[in-house]
Each structure stands twice: as C-alpha cells, then as structure tokens.
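By convention in this document, chain letters (A, B, ...) are assigned in the order of the sequence lines, proteins followed by strands, and residues within each chain are numbered from 1.
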Amino acid sequence: MAESERRERLAAVAPERLAELDADDEADEHVLPDLPNAEEGAVVMRAAPNPNGPWHIGHARMPAVIGTYKERYDGAFICRFDDTDPETKRPDLDAYDAILEDIEYLGFEPDRVIRASDRLETYYDHARELIDRGGAYTCDLPAAEFSELKNAGEPSPNRNTDPDTVREEFEAMVDGEYDAGGMTLRVKTDIEHPNPALRDWVAFRMIDTPHPRETAADYRCWPMLDFQSGIDDHLTGVTHIIRGIDLQDSAKRQRFVYDYFDWEYPEVLHWGHVQLDEYDVDLSTSTIKALIDAGELAGWDDPHAPTIRSVRRRGIRGAALVDSMTELGMSTSDVDLAMSSVYANNRDRVDDDANRYFLVRDREDDPAVELPVVDDASAPDAGHPPRHPDHPDRGDRTIPAGRVVVESSDLPPAGERVWLKGFGCVRHDGDALAFLDADINVVREGDVNVVHWVPVDESLRTLLRTVEGNVRGYAEPAVAAVDVDTVVQFERVGFVRLDTFDAAATDEPDGPDGDEDLVAYYAHP
RNA sequence: GCUCUGGUAGUGUAGUCCGGCCAAUCAUAUUGCCUUCUCGAGGCAAUGACCGGGGUUCAAAUCCCCGCCGGAGCACCA
C-alpha cells in the first residue's frame with residue numbers, strides 16, 4: 001500500500017490516530033531538543049561575543065541554535081557584545097560590525113544589539129546596591145595572595161570591612177583612583193565552598209589601558225564577565241542561556257549575586273567545544289589573526305582560513321552552515337564537525353540553481369593538453385551540453401570545437417576513444433582527436449569515458465582557489481557571461497563561486513598574477 | 001589536589017527521565033551498482049555503534065555498583 005493510500009485509509013478509520021502521527025512527524029523534524037520551561041512567545045536568548053575579530057566557523061553555532069529556537073518559540077535574539085576587557089581581550093573596533101555581518105549571512109537578525117561598554121553606569125549602580133545588601137567588599141590583596149588564602153579556605157582580611165568604607169573605596173575605584181591591580185570588588189560568596197572556583201570571586205577590577213571605543217575610553221573600573229553578564233541577562237530578560245562548558249561554573253557564581261538581589265536565575269544549557277576536520281588551522285580568532293599578520297593567510301576570507309567569511313566567499317550558504325550546526329545538537333561533550341556535512345547540506349541547497357560548465361585544470365601532476373579535433377567534414381563545429389541536466393528549459397551552452405584542451409588523465413591511450421561531453425566521440429590519434437560519428441551507445445557499452453573539455457580559443461584563464469591551494473585551468477567561454485557571485489558547477493570538478501573576472505595581481509605566492517580572466521573559489525564536490 | 005561534567009557506527013545524532021515494540025533512528029562517510037553524455041554530481045543498495053566488568057530483572061543502551069577513558073573550572077580573560 002502506498003503512503004498516500006495508507007493515509008486515506010487511516011483517515012477514514014481513525015482520524016485521531018492520523019493527527020497523532022502527524023504530530024510525531026513534526027516532532028521528528030525538530031533537530032534540537034525542546035528548551036526546558038520554554039513558553040511560546042516568551043523565550044529570550046542572547047549571543048554574547050567578545051568582539052575581537054570576525055567569526056570562525058565554530059561561532060556559527062550560537063546564532064544557528066538561538067535563531068532556530070527563536071523561530072520555534074517566537075522568541076527574541078539579543079546580540080550582546082561583552083567587551084569589558086580593554087587590555088588582554090582588547091576589542092577590535094571593526095569586529096562589532098564584522099560579527100553582525102556574519103550573523104546576517106547566517107540568515108538571522110538580532111532583535112536587539114547592545115554593548116557592555118555602553119553600560120558601565122548600570123553595572124556600577126548594581127555594585128552599589130550589592131554593597132548595600134552586604135554582598136560585596138573591596139579587597140586590595142594581590143591576586144596571588146588571595147588565591148593562596150582562597151585555596152586554603154581562608155577569608156581575605158578585607159572581608160569584613162565596614163560597609164561605609166567599602167562604599168567609599170568602590171567610589172574611588174569608579175573614579176579611577178587606583179592603578180591596575182590596586183583594588184578589586186569581590187562578591188561575598190562562601191569562602192569555604194567545596195568548589196574553590198566559587199569562593200569570593202572578583203566582580204570589578206582596575207585597568208589602566210583605555211577602552212578602544214571612544215565613549216568608554218575614560219572608564220578605569222571594569223566589571224568581570226560573571227558580574228556584567230549576570231546583571232545584563234537579568235536586565236534584558238534573558239530566559240535561556242546557552243554557553244560553553246568552559247563557563248559551567250558561571251551560573252553557580254552568578255547565583256550568589258542573584259540571591260542577593262532576589263532574582264530568579266534563567267535556565268542554562270552548556271555545550272562542548274566544536275572541532276573541525278579538513279582544516280589545519282585552529283578554530284581560534286587569535287591564531288587566525290596571527291596567521292594573517294604573518295602573511296600565511298591572505299585575509300579572513302582566505303580559503304584556508306576556518307572562518308565564516310571564508311566559507312561565504314567559497315559560495316557556501318549560511319543556511320547550510322546553520323543546518324550542520326543544529327545537527328550537532330546540544331551535547332555537553334566536545335564534538336567534531338565534519339566539513340563534509342556542511343558540504344552535503346550546501347549541495348542540497350545549491351545543486352538545483354547551479355548551472356553546469358566545464359573547467360579543464362592544468363596541474364603539475366596532471367597538465368592540460370592541447371589537441372586539434374580533425375574530421376571528415378561530418379563533425380559539428382561546436383558542442384552543446386545543457387546548462388543543467390534537470391532543467392532542459394535553461395537551454396544549452398555553445399562550446400566551439402577546433403583545437404581543444406583536456407586534462408591529461410582524461411586523454412585515452414593512442415588509438416582509444418573518448419567522448420567529449422556535449423560534443424561527440426573522438427579517437428586519440430597521437431597528435432589529434434579524430435571525430436567519429438558514433439552513437440552515444442558506445443558510452444553505454446562501457447568502454448568510452450565521458451570527459452569535459454574546453455576550446456583553446458576564447459576559454460577563460462582561470463585561477464581556482466581551494467582549501468588545498470590554488471589550481472589553474474581554463475573555463476569554457478560561456479562562463480564569461482555569468483555574473484560574479486554566482487555558484488556554478490564545474491562538471492567533474494565541483495561547485496564553485498565565481499569571484500571576479502578582472503583580478504589584480506597580488507604578491508601572494510602562486511596567487512593571482514593579473515593575467516587571469518577569472519578567479520573562482522572552490523566550495524566542494 | 002578540590003569541584004563540575006560526559007562516554008551510542010569513521011563523524012554527528014535519536015532512543016536513556018518512565019526497562020520490553022531497540023539485533024538500535026536519521027544524516028554524513030566509505031564501498032558497490034545504475035544513468036541515450038558529470039565514474040568527484042544525481043539515483044539505488046550495502047557496510048558500520050550501545051566504554052569495560054559485575055548486579056537487579058522473565059527482560060537492560062536504558063536502573064544500581066565498581067572500574068576505565070575523556071572534557072571543563074579553581075584568572076584582577078572572555
């Protein structure tokens with residue numbers, strides 16, 4: 001019985017069962033598990049990037065997951081830049097917009113964008129109130145000394161400073177009267193807590209280096225992530241927090257502050273780190289930045305760079321990355337993302353749109369070879385393969401024959417035949433290809449391969465940039481009429497994005513030399 | 001050392017809360033076959049996993065105990 005027939009039968013006998021089945025099917029489509037205590041229309045989540053550079057591929061996971069939940073629950077997506085360290089994690093002024101662009105490419109738009117460095121006064125106000133509630137004290141102990149006491153479960157001698165003094169010293173911090181390292185504000189938690197990570201943690205510290213954003217450059221007293229993030233999550237109404245396992249103690253720390261304020265803590269989910277196969281570059285913004293500075297990567301969108309900008313330039317759609325990221329689920333263990341899964345998702349999305357063209361590669365171990373097609377006047381003067389095998393309505397391309405170029409490994413031994421795709425069967429005669437008026441059945445019979453080819457004249461000198469390196473070759477003339485930024489399939493080579501038709505020379509070794517007619521970026525097979 | 005947290009095929013995931021319909025789902029990968037024109041596309045098929053050992057039970061991926069192996073935190077970083 002066919003599916004449709006079964007459904008009809010079931011609808012007649014037990015319509016309520018059919019509804020149940022449909023409900024199950026719908027649940028199955030949910031790749032991600034449901035959020036705990038999530039209320040339709042009332043879910044608020046945030047991505048909280050540190051703006052220190054454009055995003056690497058792993059960063060796509062947060063907007064992918066938050067965006068997916070936002071759609072499921074009709075919720076809200078906040079992008080909050082946690083830029084509270086002007087020194088060791090110094091923000092990069094270009095990164096704010098770069099990250100928003102990356103989010104847009106992934107197909108999401110934050111409902112709200114905020115910057116922690118705009119909100120210092122808010123954090124100060126909450127610190128004052130926390131002090132008034134007896135939840136914090138100023139502490140001038142050097143970090144190492146406090147650490148020693150803390151590990152022994154011993155309190156700082158400043159722990160019981162009277163509230164007026166604490167308040168006074170905190171105002172002095174705000175006014176910038178201490179140097180870096182001179183004074184901190186600590187949250188009073190439990191100095192004997194079994195988990196040493198939770199004992200009297202620092203909420204504010206002094207930093208001498210001015211913040212790169214002009215509006216925040218005068219501040220010297222900066223909140224630590226756990227304080228700032230805890231306050232902001234509450235103030236912005238965040239209901240569900242997702243963060244990495246490296247922050248798994250954050251919620252426990254922040255709960256002390258929430259308890260002082262009598263706030264309710266949001267739901268928290270943790271996930272592990274993402275690793276990528278295929279790349280030999282670490283998934284780390286600072287590593288990528290260093291490689292760019294050293295000239296080993298041409299930029300954030302270099303095909304070797306494991307960045308969002310790079311896959312974007314290669315013609316991979318943001319939605320394909322989102323698919324793969326949500327397929328990773330929410331497990332707390334570390335996961336390896338196979339790039340092949342991103343490629344498979346992208347292929348699903350681009351295959352139907354991507355028209356087909358030929359690119360003959362000219363590689364050191366498999367050079368392009370040039371041969372004339374000779375005939376007895378019966379040969380057509382051009383090949384006409386379809387633009388897309390599934391869409392005959394898109395028409396054919398015209399590839400002039402005459403002198404042609406093929407890849408050496410596609411050239412049969414002398415005396416053997418090969419089928420030039422879209423043109424016809426030829427025999428390799430040593431220094432020429434002799435046209436044979438053969439039927440396509442010779443291909444069906446199995447001893448003639450179908451290969452791609454381009455004419456010598458009018459083909460485009462092409463530089464194809466791949467993750468493994470640059471490849472040169474010749475693209476068929478029809479490619480010249482395609483718009484840049486289009487994703488096409490070079491048959492038997494793979495999907496590529498046409499990047500530019502008049503690239504300037506660069507000093508990159510083996511990079512564009514200025515003579516190319518086309519530079520394309522390789523996406524995947 | 002202290003404190004968290006995890007372990008299902010090559011990879012990711014479903015199932016674990018409430019034991020049976022799980023000789024275990026889906027995707028990807030790999031391999032093979034097919035195609036009047038892509039042998040790196042497409043279609044079809046095959047391959048492949050419950051960390052180990054005990055226990056409870058008629059029945060364990062699922063519950064209990066003991067191991068083994070991972071990951072994270074203990075910053076005046078985020």
*Span that lies between the C1' atom of B/U62 and that of B/U47, in whole angstrom*: 27 Å
*Look at the side-chain N and O atoms of A/Lys150 and state whether any lies under 4.0 Å from the OP1 or OP2 oxygen of B/A75.*
yes
*Report the residues that fulfil side chain to side chain donor-acceptor pair (under 3.5 Å) with A/Thr161, sequence neighbours left out, ordered by chain and then residue number.*
none
*Nearest-Å distance, OH (A/Tyr178) to P (B/C76)?*
18 Å
*A/Tyr178 and A/Asp140: side chain donor to acceptor below 3.5 Å*: no
*5' priority, RNA chain B, between A/Phe423 and A/Met224 [closest heavy atom]*: A/Phe423
*With a non-hydrogen cut-off below 4.0 angstrom, is A/Phe490 in contact with a base, only sugar-phosphate, or nothing?*
nothing
*Taking Watson-Crick and G-U wobble pairs with both distances under 3.5 Å, convert RNA chain B into its dot-bracket string, 5' to 3', dots for unpaired and | for cross-strand pairs.*
(((((((..(((.......[.....)))((((((.......))))))...(((((..]....))))))))))))....
*asked:* Going by ring pair (Phe, Tyr, Trp, His ring centres under 6.0 Å), name the residues that satisfy it together with A/Phe435, two or more places apart in sequence or in a different chain.
replied: A/Phe423
*When the distance from CZ of A/Arg243 to P of B/G71 is rounded to whole Å, what number comes out?*
22 Å
*List in chain and number order the residues that pass side chain to side chain contact (heavy atoms under 4.5 Å, CB included) with A/Leu276, two or more places apart in sequence or in another chain; answer none if no residue qualifies.*
A/Ile57, A/Tyr279, A/Leu283, A/Pro306, A/Leu337, A/Met339
*Roughly, in whole Å, what's the span from CG in A/Leu269 to P in B/G6?*
12 Å
*Using the C1' atoms only, state how far B/U28 lies from B/G20, rounded to an integer number of Å.*
31 Å
*Only counting residues at least two apart or in another chain, list the ones meeting side chain to side chain contact (heavy atoms under 4.5 Å, CB included) with A/Ala475.*
A/Leu359, A/Leu460, A/Thr462, A/Val479, A/Phe490, A/Leu518
_A/Asp410 CG to A/Arg361 CZ distance, which is reported to the nearest 0.5 Å_ = 8.5 Å
*Whole-Å C1' distance, B/A9 and B/U30*: 12 Å
*Report the distance from atom CZ of A/Arg472 to atom CG of A/Leu464, rounding to the nearest 0.5 Å.*
11.0 Å
Give each protein N/O atom lying under 3.5 Å from an N/O atom of nucleotides 3-5 of chain B, with the pair distance.
unit_1: B/U3; atom_1: O2'; unit_2: A/Asn195; atom_2: ND2; d: 2.9
unit_1: B/C4; atom_1: O2'; unit_2: A/Lys252; atom_2: NZ; d: 3.2
unit_1: B/C4; atom_1: O2; unit_2: A/Gln248; atom_2: NE2; d: 3.4

_Give me the distance, rounded to whole Å, that separates B/C68 from B/G19 when you measure between the P atoms they each carry._
29 Å
*For A/Arg253 and B/A75, is the shortest distance between a side-chain N/O and OP1 or OP2 below 4.0 Å?*
no
*Below 4.0 angstrom from OP1 or OP2 of B/U13, is there any side-chain N or O of A/Ser331?*
yes
_Can you tell me if A/Thr84 touches the phosphate of B/C77, counting only side-chain N or O atoms and a distance under 4.0 Å to OP1 or OP2?_
no
*asked:* When you measure only distances, ignoring hydrogens and angles, does the side chain of A/Arg492 come within 3.5 Å of the base of B/G42 through a donor and an acceptor?
replied: no
*When rounded to the nearest Å, what value does the distance between C1' atoms of B/A75 and B/A61 take?*
41 Å
*asked:* Just the rounded figure in Å: distance from P of B/U38 to CZ of A/Arg397.
replied: 12 Å
*asked:* Taking any heavy-atom pair under 4.0 Å as a contact, classify A/Leu247: base, sugar-phosphate, or nothing.
replied: base
*Check RNA chain B against residues 137-146 of chain A and give the residues with a non-hydrogen atom under 4.0 Å, in numerical order.*
A/Leu141, A/Pro142, A/Ala143
*Among A/Arg186, A/Lys188, A/Arg159, find the one that has a salt bridge (charged side-chain N to carboxylate O under 4.0 Å, His left out) with A/Asp200.*
A/Arg159
*asked:* Please report the distance separating the C1' of B/A27 from the corresponding atom of B/G15, rounded so that it comes out in whole Å.
replied: 16 Å
_Using whole Å, what does the distance between atom P of nucleotide B/U38 and atom CG of A/Asp410 come to?_
13 Å
*Report yes or no: is there a donor-acceptor pair, N or O only, under 3.5 Å between the side chain of A/Lys89 and the base of B/C77?*
yes
_Interatomic distance, A/Arg361 CZ vs B/U38 P [rounded to whole Å]_ = 16 Å
_Residues which pass ring pair (Phe, Tyr, Trp, His ring centres under 6.0 Å) with A/Phe227, listed by chain and number, not counting sequence neighbours_ = A/Phe204
_Is it true that A/Asn52 and A/Arg90 share a donor-acceptor pair across their side chains at a distance under 3.5 Å?_
no
_Length of the line joining A/Arg199:CZ and B/A75:P, which is rounded to integer Å_ = 10 Å
*Considering only the P atoms, how many Å lie between B/G42 and B/G6, rounded to the nearest integer?*
38 Å
*B/A75 phosphate, OP1 or OP2: any side-chain N/O from A/Ser147 under 4.0 angstrom?*
yes
*Is the number of heavy atoms from other residues, nucleotides or ligands under 6.0 Å of A/Glu192 CD greater than 12?*
no
*Quick one: list whatever passes side chain to side chain donor-acceptor pair (under 3.5 Å) with A/Ser117, sequence neighbours left out.*
A/Asp83, A/Arg213
Enumerate the protein-to-nucleotides 24-33 of chain B contacts in which both atoms are nitrogen or oxygen and the separation is below 3.5 Å.
unit_1: B/U28; atom_1: O2'; unit_2: A/Ser340; atom_2: OG; d: 3.2

*Is it true that the side chains of A/Tyr265 and A/Asp233 contain a donor and an acceptor less than 3.5 Å apart?*
no
*Tell me, please, which residues at least two apart from A/His56 pass ring pair (Phe, Tyr, Trp, His ring centres under 6.0 Å).*
A/His59
*Using atom NE2 of A/His59 as one end and atom P of B/A78 as the other, report the distance to the nearest whole Å.*
15 Å
_For A/Gln489, side chain to side chain contact (heavy atoms under 4.5 Å, CB included) partners two or more places apart_ = A/Arg356, A/Glu491, A/Phe495
